[in-house]
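Comments concern the structure below.
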2 protein chains.
Amino acid sequence: MAASIKDVAKMAGVSVGTVSRALNGYTDVSEKTRKKIKDISADLGYTPNVSAKNLSSKNNKNVAMIASGLLDEKQTDDFTMALIKGAYTYMNRHQLSIATYAISSEDQKVKGFEEFCREFSLSGALLFGLKVTDKYVENICDSKIPCVTVDIRVEGEQIGSVITDDERAFEEITQYVIDRNHRKLILVYGRKQAMVAKLRYRGFCKALKKNNINIKDVPVLDSNFIETQAYEKTKELLLKKGQDAGSVFICMSDITAFGVARAIRDCGYRVPEDFSVTGYDGISFGRYVEPRITTIDQNVMQKGYEAGKLLDRILKGNATEKTVIVPHSLLERESVRRL
Amino acid sequence: MAASIKDVAKMAGVSVGTVSRALNGYTDVSEKTRKKIKDISADLGYTPNVSAKNLSSKNNKNVAMIASGLLDEKQTDDFTMALIKGAYTYMNRHQLSIATYAISSEDQKVKGFEEFCREFSLSGALLFGLKVTDKYVENICDSKIPCVTVDIRVEGEQIGSVITDDERAFEEITQYVIDRNHRKLILVYGRKQAMVAKLRYRGFCKALKKNNINIKDVPVLDSNFIETQAYEKTKELLLKKGQDAGSVFICMSDITAFGVARAIRDCGYRVPEDFSVTGYDGISFGRYVEPRITTIDQNVMQKGYEAGKLLDRILKGNATEKTVIVPHSLLERESVRRL
DNA sequence: ATGAAAGCGCTAACAC
DNA sequence: GTGTTAGCGCTTTCAT
């Protein structure tokens with residue numbers, strides 16, 4: 001049997017209460033006693049049991065990253081990974097513990113957010129991969145449990161959000177393309193119901209308007225954020241219209257941009273000589289894919305880091321701002337030609 | 001305040017003991033009582049608290065995925081993600097709960113494996129990203145806590161391992177290349193101390209021997225599994241020797257194969273016309289990178305799934321075989337030319 | 001088939 | 001500055 005607080009107390013010749021106080025940094029313990037207790041704890045390899053702490057105290061600070069869509073096998077992305085890394089890095093640097101749980105949209109219907117937190121004694125959570133239709137979105141609004149949503153803005157007393165200014169970012173990259181004298185744009189849309197897609201679309205329209213390009217003239221290809229779908233739609237368009245289709249494909253994700261570029265190649269054209277292509281996301285693998293696609297880098301890892309930080313602040317009651325916009329950056333590479 | 005077992009007991013007019021038994025599927029509860037209790041639990045939105053369960057019972061089945069190297073920001077890979085997905089999928093399908101924790105090599109020195117499990121009341125763990133030099137490797141051998149290591153074989157009563165037959169896989173791909181009449185091979189080595197690299201090297205040598213190729217004649221480039229390093233070393237070699245360097249680069253990872261291919265291109269050569277290249281891993285992004293590199297697919301997601309399954313079995317005491325070799329497959333693409 | 005009660009490891013309020 | 005003790009929510013004997 002492993003050492004418990006009792007063993008430490010016994011060995012140190014003090015009460016368990018004193019051990020608890022000594023180890024938790026209370027000031028009303030003599031330095032001498034504290035030192036002795038710490039030494040003995042170390043000797044015994046004593047580690048406080050989190051479950052017991054959770055039960056007895058209301059001031060625990062267990063946080064979790066709850067990821068929806070972690071179980072979906074569909075599309076590969078390294079978002080979740082980067083996000084986890086970012087969040088864990090923050091927590092690690094601040095000596096906080098964090099664990100990741102996967103909760104599918106289905107699971108959310110069965111067990112609410114509060115129930116989940118209660119079940120695992122969580123005092124706060126990072127929510128990632130939530131869809132606007134997910135049950136938790138509703139749940140967290142009705143709840144008082146601190147949480148931070150990533151990529152989706154939710155209002156609430158104890159709710160923070162970490163987002164990218166998708167609208168502005170997409171306007172930026174669209175403007176970038178227009179600045180290189182492209183006028184016949186083709187938009188490769190993401191998932192219909194996705195909030196981010198809507199925001200990016202808004203930015204797109206804004207840029208067009210500013211430059212007097214009629215949105216009606218822009219062909220829109222639905223990709224559902226899937227590479228193969230972008231590929232098919234692009235191929236179809238190219239087979240039908242060839243270079244008359246337009247001069248540049250503006251994509252709502254890097255993955256779909258890959259599909260588009262592949263279709264362009266397979267139809268016998270070149271990027272960027274015949275068609276220009278832009279992406280969005282800045283996924284890490286983008287650097288390996290030729291031609292290297294010009295894109296918006298979302299800085300996902302930083303997003304994770306900021307999410308962790310924000311939750312920490314909310315938990316401590318000193319979150320001045322509840323919405324953090326993580327700066328994006330235009331990653332200029334070689335997929336856009338100047339006309 | 002949320003509903004506890006007491007509330008349910010009170011509402012149902014029974015004792016807490018009965019509620020506990022009813023909800024945990026004990027047979028010595030009348031169906032009538034059980035039904036009533038279940039209904040009331042549902043009404044109240046009652047969710048058993050895991051911490052309390054952990055404290056009071058020794059039969060808890062909390063498992064965790066403990067990933068070393070999750071905090072490293074270095075190289076991006078989608079291994080960990082695929083592995084997590086696989087493991088979570090298994091757990092999800094079998095109604096088990098799992099959480100992921102990140103433990104750096106440094107952390108392992110501070111707190112041992114047993115202590116960690118005790119701290120979080122874990123009854124078993126999946127270990128991923130362990131290096132042979134990591135403290136936990138030693139720890140798990142001295143421990144009786146069930147665990148499964150991925151990609152590293154550890155012997156022990158309660159230890160399972162899920163691996164790829166790296167030696168055979170690497171021999172296979174080497175033979176594949178030789179079968180296409182390549183004789184002047186160049187090996188791009190992984191990380192010096194990595195066990196997997198050693199095994200792959202062994203397979204490489206085996207293939208050479210079988211085909212009477214002298215290992216002494218094969219230039220070896222150290223990549224440390226890093227793309228840029230593979231790039232630099234390749235460039236250096238090509239600048240010095242040009243096509244005399246050899247006809248094919250056999251790489252110990254896909255990432256390094258990307259670096260090699262990039263260097264080849266930058267030196268004005270083409271893949272596979274001037275140089276052939278092979279990878280290893282089967283990372284999901286491989287399908288987007290041109291030229292598409294022929295490689296060994298490790299089926300990482302299945303590895304995660306198998307790891308979850310194996311741990312489950314060990315926990316239940318019915319693991320017949322403690323080492324699971326997940327089948328790999330040769331992914332033939334277009335980076336190897338037949339001479 | 002069910003109730004009563006001890007106890008898991010710890011914290012926090014209170015007493016001294 | 002330190003000891004004592006009542007819980008936290010649950011499981012699990014032991015009675016009945």
Side-chain angles (χ1 to χ4, degrees), chain A residues 1-38 40-41 44-62 97 114-123, chain B residues 1-38 40-41 44-62 97 114-123:
Chain A
M1 202 50 201
S4 82
I5 198 171
K6 274 188 194 165
D7 303 309
V8 178
K10 206 171 293 173
M11 281 231 58
V14 298
S15 70
V16 294
T18 303
V19 175
S20 174
R21 281 179 302 233
L23 262 25
N24 289 297
Y26 282 66
T27 51
D28 56 354
V29 179
S30 78
E31 273 316 311
K32 188 161 155 273
T33 317
R34 189 194 305 276
K35 167 120 178 50
K36 191 201 229 170
I37 290 173
K38 284 201 167 175
I40 290 175
S41 301
L44 263 43
Y46 166 67
T47 316
N49 180 287
V50 170
S51 293
K53 284 185 116 134
N54 287 340
L55 253 196
S56 62
S57 171
K58 299 293 110 191
N59 297 329
N60 55 348
K61 43 192 171 48
N62 306 21
S97 137
E114 287 228 5
E115 283 75 43
F116 186 83
C117 289
R118 221 162 51 223
E119 179 174 3
F120 292 97
S121 305
L122 301 176
S123 47
Chain B
M1 203 51 199
S4 83
I5 198 172
K6 274 190 197 163
D7 303 312
V8 178
K10 206 171 291 173
M11 281 231 59
V14 297
S15 71
V16 294
T18 304
V19 175
S20 174
R21 282 179 301 236
L23 262 24
N24 288 297
Y26 283 66
T27 51
D28 57 353
V29 179
S30 78
E31 273 316 311
K32 188 161 155 273
T33 315
R34 189 195 305 276
K35 167 119 181 50
K36 190 201 231 169
I37 289 174
K38 283 201 167 176
I40 290 174
S41 300
L44 262 44
Y46 166 68
T47 315
N49 179 287
V50 170
S51 292
K53 284 185 114 127
N54 287 340
L55 252 197
S56 62
S57 171
K58 299 292 110 194
N59 298 327
N60 54 349
K61 43 191 173 47
N62 306 19
S97 136
E114 287 229 7
E115 283 75 44
F116 186 83
C117 290
R118 221 159 54 222
E119 179 173 3
F120 291 98
S121 305
L122 301 176
S123 47

Gap between atoms [atom1] and [atom2], on [X] and [N] respectively (whole Å):
X	N	atom1	atom2	value
B/Asp28	D/dC14	CG	P	15 Å
A/Lys35	D/dG1	NZ	C1'	19 Å
A/Asn62	C/dC10	CG	P	15 Å
B/Ile5	D/dC10	CD1	P	5 Å
B/Lys10	D/dC10	NZ	P	13 Å
A/Leu23	C/dC10	CG	C1'	11 Å
B/Lys6	C/dG3	NZ	C1'	15 Å
A/Phe120	D/dG9	CZ	P	17 Å

*Have a look at the helix from C/dA1-D/dT16 to C/dC16-D/dG1 and give the angle its two end axes make, five pairs each, rounded to 10 degrees.*
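Answer for the end axes of this duplex: 40°.
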Minimal non-hydrogen separation, [X] against [Y], with atom names:
X	Y	result
B/Ser20	B/Asn24	O-ND2, 2.7 Å
B/Ser123	B/Asn60	OG-O, 3.2 Å
A/Arg34	A/Arg21	NH1-O, 4.0 Å

[N] phosphate, OP1 or OP2: any side-chain N/O from [X] under 4.0 angstrom?
X	N	answer
B/Lys53	C/dC8	no
B/Thr18	C/dG3	yes
B/Tyr26	D/dT12	yes
B/Ser20	D/dT12	no
A/Ser15	D/dT2	no
B/Lys58	D/dT12	no
A/Ser30	D/dT2	yes
A/Ser57	C/dA12	yes
A/Asn24	C/dT11	yes

Can you tell me how far [atom2] of [Y] sits from [atom1] of [X], rounded to the nearest 0.5 angstrom?
X	Y	atom1	atom2	value
B/Tyr46	B/Asp7	OH	CG	9.5 Å
A/Ile40	A/Lys35	CD1	NZ	10.0 Å
B/Lys61	B/Lys53	NZ	NZ	7.0 Å
B/Asn54	B/Arg118	CG	CZ	14.5 Å
B/Lys58	B/Ser121	NZ	OG	7.5 Å
B/Glu115	A/Leu44	CD	CG	10.5 Å

*Spell out yes or no: do the side chain of B/Arg118 and the base of C/dG9 have one donor N/O and one acceptor N/O closer than 3.5 Å?*
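Answer is no: no donor-acceptor pair is held.
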*Go through the N and O atoms of the side chain of A/Arg34 and the base of D/dG1, and report whether any donor-acceptor pair is under 3.5 Å.*
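Flag unset: no donor-acceptor pair detected.
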I want to verify a distance call: between [options], whose nearest atom is closest to the [X] side chain?
X	options	answer
B/Val16	D/dT13, D/dG1, C/dA5	C/dA5
B/Arg21	C/dG3, D/dC10, C/dG9	C/dG3
A/Thr33	D/dT2, C/dT2, C/dG9	D/dT2

*Does B/Gly17 or B/Thr27 map to a spot on DNA chain C nearer the 5' end, using the closest nucleotide for each?*
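Whichever sits nearer the 5' end wins; that is B/Thr27.
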*Closest-nucleotide 5' rank along DNA chain C - winner of A/Asn59 and B/Asn54*: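 Taking each residue's closest nucleotide, the earlier one in sequence belongs to B/Asn54.
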*Using a heavy-atom cut-off of under 4.0 Å over every strand shown, decide if A/Ser51 touches base, sugar-phosphate, or nothing.*
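It contacts nothing in the nucleic acid.
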*Earlier contact from the 5' end, DNA chain D, for A/Val14 and A/Leu55*: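 It is A/Val14 whose nearest nucleotide is closer to the 5' end.
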